[in-house]
Amino acid sequence: MSTGAAGRENPRSRVRMRVEGVVQGVGFRPYVYGLATALRLGGFVGNDVHGVVLEAEGESSAVEEFVARLPLEAPAMAVIEQVDAHAVDAQGQRAFSIVASDAAGPRTVAVSPDAATCADCLHELRDPGDRRHRYPFINCTNCGPRYTIVRDVPYDRPATTMAGFALCADCEREYHDPADRRFHAQPVCCPACGPALALTSPAGDVIDGDPVVAAAHLLREGRIVAVKGLGGYHLAVTAGDEPAVARLRSRKHREDRPFAVMVSDLDAARALCAVRPREATLLSGPAAPIVLLERAGNALARSVAPGNRRLGVMLPYTPLHHLLTAAHPGALVMTSGNVSDEPIAYRDDDARARLGGIADAFLTHDRPIHMRVDDSVVRVVADRPVPVRRSRGYAPQPLTTAWEFPRHVLACGAELKSTVCVAKGRRAFVSHHIGDLENYETFQSFTEAIAHLSRLFAVSPAVVAHDLHPEYLATKHARDLDGVELVGVQHHHAHIASCLADNGVTGPVIGVAFDGTGFGTDGTIWGGEILVADLERFTRAGHLATVPLPGGAAAIREPWRMAASYLSTIHGSDIPDDLAVRARNRDRWDGVLAVAAAGVNSPPTSSAGRLFDAVAALIGVRDAVHYEGQAAIELEQVADPAERGGYRAAITGGEPFVIAGADLVLAAATDLRAGVPVPVIAARFHAGVVHAIADACERTRDATGLTTVALSGGVFQNALLVERAVARLEADGFHVLTHVRVPPNDGGISFGQAAVAGARDRA
Ligand code: ZN
Ligand code: ZN
Ligand code: FE
């Protein structure tokens, strides 16, 4: 407060500010209005194509306070990337106002991600006196649907799937009142004017009664209900009901890939799992992802997540979810509304057609979903959130970069867990999770995602980055584009670049890229790579020794083939006949090895993922998988955390040096035959991989002087491996980079490709 002498006018000043980032559609202008009027400032605030512009004037001390508080107290959904403030001449303005948007000019304003129901809306939802009591579409500027309903920019109601719902007088008043929490909240609505819920049979006949109450009743009876959410349909079933969960698995043709569950609140999550503070923050934050938690107890049906020590848990993130979990106490399986590996259904007619044979009823509504967006998945490793799938609640949040993209870039990603990325200026926009690009429907989603992101963020790609694999649909798409400059990026270089860009650094670093498979520059299948890399280029410093991949893709589905391949590399034709993996697969064992020896459909691979597969099969964890990475995931879970021993792998040669992964397999086989328990072997194998990584980095540091290591690739979703590798490398004096904003798996590849393309463009 000013302490000027009585009778003298306090000094006045005026400031002009520009705020950039995610500041539109998130309640930023009402927030500025509220702060300015509280401080008795005059002036204005408005949107333009770059973000928010404002001028504020009043007592100098109040203006100073305004400038200081503005970024600190911003609305939950706002992401402030840059604030510029400079003094201008005071004009004597006493009133503060919100001015109209300026939609002209190039679009650079970010469309925000969808956000979970806020505390204020939740309070109203539960308040019998509120006009939106129990209204399943309640939202405000701080929460609700965004990316999933936006058709175009500027982000205004006519450009969303709410265009067909005319505001009633009450909603209209809230929408135009700068002091209201719903001021310019584009999806604002109420029971009088907004979308409505319906419970129907698979044939579309309306089931009488309160749709939520009736749906909860069906769920309690063990029925499967398709529930229309933010970015698509879920299939819901009572998680404690074994026959119901088993029926869902068989109808969905999903063998044993874990289902995620939704529980009503944090306490309910704690009843099922250990919830650490960082995990609680993630669960209840605006992105509300699925968080992979350590299970505590066995309260749920066995078929929810068979053979898994972890459980994917999420909290309600739409008002409908809140109503449903309140009406149905007890966890619900909430899994993607699809059959097997197809994309999640999000259009009503399509959902009915595809899910009609699975669901017993549909809990649905008439607000269209424009963008199909799956739930995000996060895992906390060493107290840091690691994205496993970055989608709803995160996409299309821009990822700022520490450098400039000289020209607009499109990066097409890889094949599995596909994402695309468009980039310009200092921002990269990574798409939602598209899925595995193996069928026409997913490919269509891929091209739609590119078109949508390009339109929303006004990107006209001049440079297009792609994987080197000639058969990937994403690569073919890139090569079919006319009038663009193509940049081929090696898969593992893209992984390391993604980790560098994730951490805002340019390298060079020692890059450890361990994953399933990626196309190498020498025609072999890479996947256990030690690179010396910066954003622009890389050299292959070392790699796992290659072994045949017997049967190609069949070896990915059947890890026992990798055990056979490694064992024959070690023993030639004298593989000990007392190994159980051989006995279990006796019928095909010799045939597979003969094919490998003849080099028929058995390309050499240095894949680290396949090394994990080999050991998992060898020690009896799993001979065949139903989803990517299953054997390695189960191998991690079986490992005894108390075991301190570790195997050693020899490293020989140079430029590139070769790591003998077979040494680890041999050590595991020797322990197995000596009767060492499987959990101990699994732990010693993990420690062996950590030793190998540390030794390889040591060699590379000796040769190059580099002291920073970047860990990337799908294998680094393994928390045990990451925690041990980071601890060991740091103890050895390395600075270690891991992923925080994009996944270490192929979902992060498009971001890495874009970073490489940008760096080559700057060179
Ligand atoms: Zn809200
Ligand atoms: Zn209304
Ligand atoms: Fe990969």
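The analysis underlying the following values was restricted to heavy atoms, covering all of them including side chains, and did not include hydrogens, waters or symmetry mates. Small disclaimer: the values here were computed from a predicted structure and weren't measured.
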Participant: Can you give me the closest heavy-atom contact between V388 and N745, atom names plus distance?
Facilitator: O-ND2, 2.9 Å
Participant: Can you confirm whether or not the ring centre of Y175 sits under 6.0 Å from the ring centre of H184?
Facilitator: yes
Participant: Quick one, L230 and Y317 - any side-chain contact, counting heavy atoms below 4.5 Å?
Facilitator: yes
Participant: Are V150 and H370 packed together at the side-chain level, in the sense that at least one heavy-atom pair is separated by less than 4.5 angstrom?
Facilitator: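 The answer is no, as the side chains (C-beta and beyond) never meet within the 4.5 Å cut-off.
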Participant: Would you confirm whether the ring centroid of Y440 sits within less than 6.0 angstrom of the ring centroid of F443?
Facilitator: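 Not close enough - the centres of the two rings lie 6.0 Å or further apart.
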Participant: When you measure from the side chain of T238 to the backbone of G240, do you find a donor-acceptor pair of N or O atoms at a distance under 3.5 Å?
Facilitator: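 No; judged by distance alone, with no hydrogens or angles, the pair does not exist.
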Participant: Tell me, do V313 and V291 make a side-chain contact under 4.5 Å, heavy atoms counted?
Facilitator: no
Participant: Side chains of E342 and N439: is there a donor and an acceptor less than 3.5 Å apart?
Facilitator: no
Participant: Is the Lys NZ or Arg CZ of R352 less than 6.0 Å from the centre of F362's six-membered ring, within 45° of the axis?
Facilitator: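 Here R352 passes the 6.0 Å and 45° test against F362.
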Participant: Is a side-chain donor or acceptor of T419 paired with a backbone partner of G747 at a separation under 3.5 angstrom?
Facilitator: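 Side chain of T419 to backbone of G747: a pair is present.
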Participant: Between S336 and D374, does a side chain to side chain contact (heavy atoms under 4.5 Å, CB included) hold up when you go through it step by step?
Facilitator: CA-CA 7 Å; S336 316; D374 295 78; 4.1 Å; yes
Participant: Yes or no on side chain to side chain contact (heavy atoms under 4.5 Å, CB included) for V227 and Y233, after CA distance, side-chain angles and deciding distance?
Facilitator: CA-CA 5 Å; V227 181; Y233 278 80; over 6 Å; no
Participant: In terms of side-chain geometry, is the basic nitrogen of R427 or E81 positioned less than 4.0 Å from the acidic oxygen of its partner?
Facilitator: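 Between E81 and R427 there is a salt bridge, with a charged N closer than 4.0 Å to a carboxylate O.
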Participant: Is any side-chain heavy atom of E255 closer than 4.5 Å to one of V625?
Facilitator: no
Participant: Hey, does the side chain of T200 reach the backbone of V206 with a donor-acceptor pair shorter than 3.5 angstrom?
Facilitator: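 Between the backbone of V206 and the side chain of T200 there is no qualifying donor-acceptor contact (under 3.5 Å).
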Participant: Kindly compute the distance separating OG (S454) from CZ (F429), expressed to the nearest 0.5 Å.
Facilitator: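 Atom-to-atom, S454:OG and F429:CZ are 10.5 Å apart.
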Participant: Compute the ring centroids of H176 and F183, then answer whether they are less than 6.0 Å apart.
Facilitator: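 Here the rings of F183 and H176 have centres that are no less than 6.0 Å from each other.
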Participant: Under a 3.5 Å distance rule, please check whether T160 uses its side chain to pair with a backbone N or O of R157 as donor and acceptor.
Facilitator: yes
Participant: Under the criterion salt bridge (Lys or Arg N to Asp or Glu O under 4.0 Å), I'd like the reasoning laid out for R182 against D177: C-alpha separation, chi angles, the key distance, then a yes or no.
Facilitator: CA-CA 8 Å; R182 296 195 167 85; D177 177 2; over 6 Å; no
Participant: Start with the C-alpha gap between R379 and E294, add the side-chain angles, then the distance that decides, and say whether salt bridge (Lys or Arg N to Asp or Glu O under 4.0 Å) holds.
Facilitator: CA-CA 10 Å; R379 180 172 187 183; E294 196 77 31; over 6 Å; no
Participant: Write down the atom of I633, the atom of Y627, and the distance for their closest heavy-atom approach.
Facilitator: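 The pair with the smallest heavy-atom distance is CD1-CE1, 3.9 Å.
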Participant: When you measure from the side chain of D502 to the backbone of V742, do you find a donor-acceptor pair of N or O atoms at a distance under 3.5 Å?
Facilitator: yes
Participant: Tell me the closest heavy-atom pair linking V386 and P744, and the distance in Å.
Facilitator: CG1-CD, 3.8 Å
Participant: Is any side-chain heavy atom of R367 closer than 4.5 Å to a side-chain heavy atom of P145?
Facilitator: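 They are in side-chain contact.
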Participant: If I take atom CG from residue L324 and atom CE from residue M262, how far apart are they, to the nearest 0.5 angstrom?
Facilitator: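 It is 8.5 Å, given to the nearest 0.5 Å.
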Participant: Is R254 close enough and on-axis enough to F259, meaning under 6.0 Å and within 45°, for cation-pi?
Facilitator: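 Geometry flag: not set, cation outside 6.0 Å or 45°.
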Participant: Side chains of H626 and D256: is there a donor and an acceptor less than 3.5 Å apart?
Facilitator: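 Their side chains do contain a donor-acceptor pair, which is all the 3.5 Å distance test asks for.
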Participant: So, R249 side chain and R257 main chain: donor-acceptor pair closer than 3.5 Å or not?
Facilitator: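 Side chain of R249 to backbone of R257, a donor-acceptor pair under 3.5 Å: yes, one is there.
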Participant: Would you say C189 and F165 make side-chain contact, with heavy atoms under 4.5 Å?
Facilitator: no
Participant: Taking 4.0 angstrom as the limit, do D114 and R392 come out as a salt bridge?
Facilitator: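 Salt bridge between D114 and R392, a charged N being under 4.0 Å from a carboxylate O: no.
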Participant: Is the H432 to Y394 ring centre distance short of 6.0 Å?
Facilitator: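 For H432 and Y394, the ring centres are not under 6.0 Å apart.
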Participant: Measuring from E448:CD to L453:CG, what's the distance to the nearest 0.5 Å?
Facilitator: 12.0 Å
Participant: R276 versus D383: any side-chain heavy-atom pair under 4.5 Å?
Facilitator: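 The answer is no, as the side chains (C-beta and beyond) never meet within the 4.5 Å cut-off.
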Participant: In terms of side-chain heavy atoms, does S445 have a donor or acceptor partner in R372 at a distance below 3.5 Å?
Facilitator: yes
Participant: Are H217 and H328 an aromatic pair, judged by ring center distance below 6.0 Å?
Facilitator: no
Participant: Any Lys/Arg nitrogen of R134 or D210 sitting under 4.0 Å from an Asp/Glu carboxylate oxygen of the other?
Facilitator: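 Judged by the 4.0 Å cut-off on N to carboxylate O distance, R134 and D210 do form a salt bridge.
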Participant: So does D349 have more than 12 non-hydrogen atoms from other groups sitting under 6.0 Å from CG?
Facilitator: yes
Participant: Identify the two heavy atoms, one from A274 and one from E279, that lie closest to each other, and give their separation to 0.1 Å.
Facilitator: O-OE1, 3.7 Å
Participant: Within the side chain of R146, is there an N or O that forms a donor-acceptor pair under 3.5 Å with the backbone of C143?
Facilitator: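 Checking the backbone N and O of C143 against the side chain of R146, a donor-acceptor pair under 3.5 Å is found.
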Participant: Rounded to the nearest 0.5 Å, what's the gap from CD1 on I290 to CG on L283? Could you check?
Facilitator: 10.5 Å
Participant: Indicate whether any N or O donor in one side chain lies under 3.5 Å from an N or O acceptor in the other, for S303 and E242.
Facilitator: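 Checked: S303/E242 side chains pair up, N/O donor to acceptor below 3.5 Å.
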Participant: If you take all heavy atoms of A74 and I80, which pair is closest and at what distance?
Facilitator: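 For A74 and I80, the tightest heavy-atom pair comes out as CB-CD1, 3.9 Å.
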Participant: Do M334 and T325 pass the side chain to side chain contact (heavy atoms under 4.5 Å, CB included) test, and can you show the C-alpha distance, the side-chain angles, and the key distance before you say yes or no?
Facilitator: CA-CA 11 Å; M334 286 286 243; T325 54; over 6 Å; no
Participant: Examine R181 relative to Y31 and say whether NZ or CZ is less than 6.0 Å from the centre of the six-membered ring and inside a 45° cone about the ring axis.
Facilitator: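 Cation-pi check for R181 and Y31: fails.
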Participant: For the OG1 atom of T117 and the CD atom of E124, what is their distance to the nearest 0.5 Å?
Facilitator: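 The CD atom of E124 is 11.5 Å from OG1 of T117, to the nearest 0.5 Å.
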Participant: With no hydrogens and no angle check, is any side-chain donor or acceptor of T442 less than 3.5 Å from a backbone partner on E438?
Facilitator: no
Participant: I'd like to know if D241 and R220 make a salt bridge, using a cut-off of under 4.0 Å between side-chain N and carboxylate O.
Facilitator: no
Participant: Please check: side-chain N/O of R354 versus main-chain N/O of N338, any donor-acceptor pairing under 3.5 Å?
Facilitator: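 No: the side chain of R354 does not pair with the backbone of N338.
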Participant: Apply the test salt bridge (Lys or Arg N to Asp or Glu O under 4.0 Å) to residues R310 and E636: give CA-CA distance (whole Å), side-chain angles for both, the deciding distance (0.1 Å), then the verdict.
Facilitator: CA-CA 11 Å; R310 264 171 231 95; E636 176 197 352; 3.7 Å; yes
Participant: Can you check whether K228's main-chain N or O pairs, donor with acceptor, with T364's side chain at less than 3.5 Å?
Facilitator: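 Between the backbone of K228 and the side chain of T364 there is no qualifying donor-acceptor contact (under 3.5 Å).
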Participant: Please lay out, stage by stage, how H321 and H234 fare under the test side chain to side chain contact (heavy atoms under 4.5 Å, CB included).
Facilitator: CA-CA 11 Å; H321 294 148; H234 279 122; 4.2 Å; yes
Participant: Taking all atoms of both residues into account, what is the closest heavy-atom pair of S391 and S376, and its distance?
Facilitator: N-OG, 2.6 Å
Participant: May I ask you to test the L197-F137 pair for a side-chain heavy-atom distance under 4.5 Å?
Facilitator: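 The answer is yes, as the side chains (C-beta and beyond) meet within the 4.5 Å cut-off.
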Participant: CG/L218 to CD1/I224 distance, rounded to the nearest 0.5 angstrom?
Facilitator: 11.5 Å
Participant: Salt-bridged, K417 to D436, with N to O below 4.0 Å?
Facilitator: no
